[in-house]
Enquirer: 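First, the structure itself, so that you have it in front of you.
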Amino acid sequence: MEKILIIEDEEHLRENLDLLLTDEGYHVVTAENGEEGIQCLVQEPFDLVITDIMMGNVSGFAVMDYIVTHTLDTLVIFITGYASTDSAITALRKGVYDYIAKPFDIDMLLIAVKRALEKVRLQREIKTYMQELEQRVADRTKELEETNSRLNSSLEELRARSNRRGTNS
């Protein structure tokens with residue numbers, strides 16, 4: 001089950017998002033500010049973080065900075081009542097997955113969440129595939145090295161026999 005962390009200082013919105021996403025089948029954890037959100041991220045991994053930008057002492061940008069340096073596999077959706085071109089550009093440069101202005105359409109948010117979680121799923125599949133591929137390459141390399149070693153030993157034996165025959169003649 002996908003895990004989503006909602007960091008939102010507006011209690012009513014936080015509770016509504018919790019209910020909405022829980023009803024959609026996601027495991028949801030909520031935090032009422034950036035500090036609490038980062039504490040949640042320290043304690044357990046999340047697939048997706050939905051965070052407000054403007055919150056008390058620790059902003060959504062600070063949460064994003066923490067995620068970029070500590071939990072690279074976690075995607076972030078910013079929601080904000082203070083949407084501006086500058087904050088959107090800054091958010092995208094920092095690696096935010098999506099940027100949604102309040103008030104937002106619930107369907108638009110659900111689509112963004114589904115797309116983000118699909119990306120997380122695909123990234124995990126690629127990572128797993130790459131690990132399996134690397135293991136196969138390592139196994140095959142070991143087999144080839146062992147075969148090469150046996151061939152070199154056989155070649156040395158043939159040379160030794162040939163040299164013994166040459167000296168016996």
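The structure presented is a predicted model; accordingly, all values stated were derived computationally and were not measured.
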Enquirer: From the options F78, Y82, Y99, select the one residue that forms a side chain to side chain contact (heavy atoms under 4.5 Å, CB included) with S87.
Expert: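 Passing option: Y99.
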Enquirer: Grouping I, L, V, M, F, W and Y whenever their side-chain heavy atoms are under 4.5 Å apart, do V120 and Y66 come out in a common cluster?
Expert: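 No, because V120 and Y66 fall into different hydrophobic clusters, even though each may have its own neighbours under 4.5 Å.
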Enquirer: Step through the shown structure and confirm whether more than 12 heavy atoms of other residues, nucleotides or ligands are within 6.0 Å of CD on E143.
Expert: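 Atom CD in E143 is crowded, with more than 12 foreign heavy atoms closer than 6.0 Å.
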Enquirer: Say you draw a straight line from NZ of K142 to OG1 of T147; how long is it, rounded to the nearest 0.5 Å?
Expert: 12.0 Å
Enquirer: Is I111 isolated, or which residues cluster with it under the ILVMFWY side-chain rule of less than 4.5 Å, directly or via members?
Expert: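 The other cluster members (ILVMFWY side chains, heavy atoms under 4.5 Å, direct or chained): none.
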Enquirer: Look up atom CD1 in I6 and atom SG in C40, then write down how far apart they are to the nearest 0.5 Å.
Expert: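 Between I6 CD1 and C40 SG, I get 11.0 Å after rounding to 0.5 Å.
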Enquirer: Going from NZ on K119 to CD on Q123, what distance comes out if it is rounded to the nearest 0.5 angstrom?
Expert: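 K119 NZ to Q123 CD: 5.0 Å, rounded to 0.5 Å.
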Enquirer: Do L92 and M54 sit in the same hydrophobic cluster, where Ile, Leu, Val, Met, Phe, Trp and Tyr count as joined when their side-chain heavy atoms come under 4.5 Å apart?
Expert: yes
Enquirer: Is atom CG of N57 surrounded by more than 12 heavy atoms (other residues, nucleotides or ligands) closer than 6.0 Å?
Expert: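 No, because the 6.0 Å sphere around CG of N57 holds 12 heavy atoms or fewer from other groups.
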Enquirer: Given 3.5 Å as the limit, does a donor-acceptor pair link the side chain of E24 with the main chain of Y26, or not?
Expert: no
Enquirer: Mind checking salt bridge (charged side-chain N to carboxylate O under 4.0 Å, His left out) for E118 and listing every partner two or more places apart, or none if nothing turns up?
Expert: R121
Enquirer: Sort out for me which residue in L5, I7, V63 forms a side chain to side chain contact (heavy atoms under 4.5 Å, CB included) with I38.
Expert: V63
Enquirer: What residue pairs, at least two apart or across chains, pass salt bridge (Lys or Arg N to Asp or Glu O under 4.0 Å) with a residue in residues 49-68?
Expert: D52-K102, D65-K94
Enquirer: I'd like to know whether H70 forms a side-chain contact (heavy atoms from CB on, under 4.5 Å) with T74, so could you lay out the CA-CA distance, the side-chain angles of the two residues, the decisive distance to 0.1 Å, and finally the verdict.
Expert: CA-CA 9 Å; H70 294 90; T74 301; over 6 Å; no
Enquirer: Could you tell me whether a side-chain N or O of S59 sits under 3.5 Å from a main-chain N or O of A62, the two making a donor and an acceptor?
Expert: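 Yes; judged by distance alone, with no hydrogens or angles, the pair exists.
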Enquirer: Do M108 and L75 share a hydrophobic cluster, counting only Ile, Leu, Val, Met, Phe, Trp and Tyr and linking them when any side-chain heavy atoms are less than 4.5 Å apart?
Expert: yes
Enquirer: Under a 3.5 Å threshold, yes or no: a donor from one side chain and an acceptor from the other, between N152 and E156?
Expert: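 Note: N152 and E156 side chains miss the donor-acceptor criterion.
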Enquirer: If the condition is salt bridge (charged side-chain N to carboxylate O under 4.0 Å, His left out), which residues does D9 pass it with, not counting sequence neighbours?
Expert: none
Enquirer: Just jot down the ring-ring contact (aromatic ring centres under 6.0 Å, His included) partners of F46, sequence neighbours excluded, or say none.
Expert: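 ring-ring contact (aromatic ring centres under 6.0 Å, His included) list for F46, sorted by chain: empty.
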Enquirer: Going hydrophobic residue to hydrophobic residue with side-chain gaps under 4.5 angstrom, can you get from Y97 over to V113?
Expert: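 Hydrophobic grouping puts Y97 with V113.
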Enquirer: If you apply the rule side-chain contact (heavy atoms from CB on, under 4.5 Å), what do you find for D98 with V76, and how did you get there?
Expert: CA-CA 7 Å; D98 210 338; V76 178; over 6 Å; no
Enquirer: In sequence, state the C-alpha distance, the side-chain angles, and the governing distance for I77 and I100, and then conclude on side-chain contact (heavy atoms from CB on, under 4.5 Å).
Expert: CA-CA 7 Å; I77 295 176; I100 301 173; 3.9 Å; yes
Enquirer: What pairs meet the side-chain hydrogen bond (donor to acceptor under 3.5 Å, both in side chains) rule with one or both residues in residues 29-38, with sequence neighbours excluded?
Expert: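 Counting only pairs at least two positions apart or across chains, no side-chain hydrogen bond (donor to acceptor under 3.5 Å, both in side chains) contact touches residues 29-38.
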Enquirer: Given side-chain contact (heavy atoms from CB on, under 4.5 Å), test K3 with V28 step by step and report yes or no.
Expert: CA-CA 6 Å; K3 289 172 58 175; V28 178; over 6 Å; no
Enquirer: Please check if V29 and M55 belong to a single hydrophobic cluster, counting links between Ile, Leu, Val, Met, Phe, Trp and Tyr side chain heavy atoms closer than 4.5 Å.
Expert: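 Yes, same cluster.
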Enquirer: Just verifying a value: how many Å separate I79 CD1 and L17 CG, rounded to the nearest 0.5 Å?
Expert: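 Between I79 CD1 and L17 CG, I get 5.5 Å after rounding to 0.5 Å.
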Enquirer: CD of E10 to CD of E8: how many Å apart, nearest 0.5 Å?
Expert: 4.5 Å
Enquirer: Counting distance only, does the side-chain N/O of T141 pair as donor-acceptor with the main-chain N or O of V137 below 3.5 Å?
Expert: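 Yes; judged by distance alone, with no hydrogens or angles, the pair exists.
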Enquirer: Show the nearest heavy-atom pair for residues A116 and L48, with the distance to one decimal.
Expert: CB-CD1, 3.9 Å
Enquirer: Is it true that R124 and D47 make a salt bridge, defined as a side-chain N closer than 4.0 Å to a carboxylate O?
Expert: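 Looking at D47 together with R124, the answer is yes, because their closest N to O distance falls below 4.0 Å.
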Enquirer: Working to the nearest 0.5 angstrom, can you tell me the gap between L41 CG and T71 OG1?
Expert: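 So the gap between those two atoms works out to 5.5 Å.
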